[in-house]
Amino acid sequence: MPELPEVETVKRAISPALAGQCIKSVRLTRSDLRWPLPDGMAAHLTGQRCGEPRRRAKYIMVPLEDNTTLLVHLGMSGAIRLYDNKPEFGTHDHFSLEMETGSWMVFSDPRRFGHLDIIPAGGEAEHPLLSHLGIEPLSNHLSGPWLSDVLRGKKTPIKSALLDQRLIAGLGNIYVNEALHMSGISPRRLAQTIAGKRAEKLVIAIRTVLAAAIEAGGTSLRDHVQPGGEIGYFVQRLSVYGRTSEPCLTCATPIKELRQSGRASFYCPSCQR
DNA sequence: CGCGCTCCCTGGCCGC
DNA sequence: TGCGGCCAGGGAGCGC
């Protein structure tokens, strides 16, 4: 499901249920997610008070009162739901927290590409899943000059470079396609040719598309919903993603599709160069 | 070193 | 309606 806007939306949604509240019980029905969950995770969490959840790239981090951190990654198919009372659990509800308020937070993930972990106190910078992450695209670090600098000499297509979490962390397949369309850049263009005005334009497009998606509550594809059951409305504003053969909203040229590094790319052959 | 491919897993959809 | 093949919003690990 989730790229940065969806994860940000989930984080905001679960924040009121978790922040300042104690975990009353933990329901853990399988430990074989992307990697085996750490031993004793349920016991570690039980009874602890949660702090304010934070987001880093596509990860959610919940600080705990013993200064360790609960790390949550939703993978491709992960979702979090909130309930006021104990719910009926489904097959893929692998991990749930019962809060002292009586509400439940349920982590569900059919494909099990998601992951949960406990980060030791002070260990976030060294965590193997976090240490290599690049800059946050909504931070001040992202600028035209910075982007042209990190892309200098890169012969990979710009599409692949934008998906590389070691450079910019949080973009995924939907928003990379959308940002490239918004900035008039072909997904095939070599990364090293993005500089100057073109880099500025791409940076603005990345920020604009992410901010708009967050504001819309993310993009709901297929049956995915946000924690409270709401859908994300950004799906109605996608310009190219999933619109193969449909007219470009700018120039009416049919949208084309290709595969790059095993992932679908969607682009307007007329607007994007 | 840096790149692209494969794989992890389940479920939904499409075509026959 | 049943079934095989293909596809999916991520990303680590490996081979070239």
Side-chain angles (χ1 to χ4, degrees), chain A residues 1-11 29-37 55-60 71-80 90-95 107-117 127-134 137 150-180 187-188 190-192 206 209-210 212-214 216-226 231-245 257-266:
Chain A
M1 169 182 82
E3 300 180 36
L4 186 155
E6 290 74 40
V7 176
E8 178 67 24
T9 302
V10 169
K11 184 213 74 176
T29 50
R30 43 188 319 170
S31 292
D32 54 337
L33 301 189
R34 177 67 199 261
W35 294 282
L37 299 187
R55 180 192 58 75
R56 169 75 172 111
K58 302 172 192 173
Y59 294 87
I60 293 173
L71 182 73
V72 182
H73 190 262
L74 300 173
M76 287 276 262
S77 58
I80 290 177
T91 319
H92 305 298
D93 295 341
H94 310 305
F95 170 82
F107 174 91
S108 181
D109 185 7
R111 293 174 73 181
R112 286 184 282 123
F113 288 176
H115 187 56
L116 303 165
D117 203 0
H127 193 279
L129 295 175
L130 304 177
S131 61
H132 67 279
L133 291 174
V150 299
L151 298 181
R152 188 161 297 134
K154 284 201 173 294
K155 303 192 188 314
T156 191
I158 183 62
K159 164 79 187 309
S160 309
L162 293 179
L163 284 174
D164 186 344
Q165 303 296 300
R166 295 168 301 180
L167 304 179
I168 301 174
L171 295 176
N173 207 30
I174 295 179
Y175 299 110
V176 165
N177 276 294
E178 293 297 308
L180 286 172
R188 290 187 149 110
L190 294 191
Q192 63 181 356
I206 289 169
V209 73
L210 292 178
I214 291 171
T219 299
S220 288
L221 294 184
R222 302 168 194 91
D223 57 345
H224 277 101
V225 295
Q226 295 301 341
I231 62 161
Y233 289 98
F234 199 74
V235 64
Q236 300 168 5
R237 297 180 38 198
L238 295 176
S239 296
V240 285
Y241 185 87
R243 296 192 63 244
T244 308
S245 302
E257 179 175 352
L258 74 141
R259 295 196 82 75
Q260 295 178 289
S261 329
R263 322 271 321 256
S265 296
F266 305 89

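Labels below follow one simple rule: chain letters A, B, ... track the order of the sequence lines, proteins then strands, and each chain is numbered from 1. Since we're looking at a predicted model, the values are computed, not measured.
- As judged by a 4.0 angstrom heavy-atom cut-off over every strand, A:P5 is placed among residues making no nucleic acid contact.
- Using a 30° and 60° split on the angle between ring planes, A:Y59 and A:H73 fall in the tilted class, from 30° to 60°.
- The nearest whole Å value for the distance from the CZ atom in A:R34 to the P atom in B:dC9 is 10 Å.
- At whole-Å resolution of the value, CG in A:D32 and C1' in B:dT10 are 13 Å apart.
- Under the Watson-Crick or G-U wobble criterion, with both distances below 3.5 Å, B:dG15 is paired with C:dC3.
- In this structure, A:R30 places its CZ atom 9 Å from C1' of B:dC9, rounding to the nearest Å.
- Regarding contacts with the backbone of B:dG4, a side-chain N or O of A:T156 is found under 4.0 angstrom from either OP1 or OP2.
- A donor-acceptor contact shorter than 3.5 Å is absent between the side chain of A:R237 and the backbone of A:Y233.
- At most 12 non-hydrogen atoms from other residues, nucleotides or ligands lie less than 6.0 angstrom from CZ of A:R188.
- Separation of atoms CG (A:L171) and NZ (A:K58) is listed at 7.5 Å; rounding is to 0.5 Å.
- The aromatic rings of A:H94 and A:F107 sit tilted, their planes meeting at an angle between 30° and 60°.
- As judged by a 4.0 angstrom heavy-atom cut-off over every strand, A:Q165 is placed among residues touching the sugar-phosphate backbone only.
- The residue A:L129 sits close only to the backbone: its heavy atoms come under 4.0 Å of sugar-phosphate atoms, none of a base.
- Whole-Å rounding puts the A:R259 CZ to B:dC3 P distance at 20 Å.
- No contact: A:Y175 has no heavy atom under 4.0 Å from any strand.
- Taking only side-chain atoms of A:H73, from C-beta outward, the nucleotide of C:dA8, B:dC3, C:dG11 with the closest atom is C:dG11.
- Comparing the P positions of B:dT6 and C:dC6 gives a spacing of 13 Å, expressed to the nearest Å.
- For the pair A:D164 CG and C:dG11 P, the interatomic distance rounds to 11 Å; values are reported in whole Å.
- A donor atom on one side chain and an acceptor atom on the other are not found under 3.5 Å apart for A:T9 and A:Q226.
- The line from CD1 of A:I168 to CG of A:L133 is 12.5 Å long, rounded to the nearest 0.5 Å.
- Taking atom CD of residue A:E6 and atom P of nucleotide C:dG10, one finds them 9 Å apart after rounding to whole Å.
- For the pair A:E6 (side chain) and A:T219 (backbone), a donor-acceptor distance under 3.5 Å is present.
- C:dC14 and B:dC9 have their P atoms separated by 16 Å, given to the nearest Å.
- Taking every heavy atom of residues 109-116 of chain A and every atom of DNA chain B, pairs under 4.0 Å involve A:P110, A:R111, A:R112, A:F113, by number.
- As a whole-Å value, the separation of A:L74 CG from C:dA8 P is 20 Å.
- Straight-line distance between the P atoms of B:dC7 and C:dG5: roughly 16 Å, to the nearest whole Å.
- Rounded to whole Å, atom P of B:dT10 lies 8 Å from atom NE2 of A:H92.
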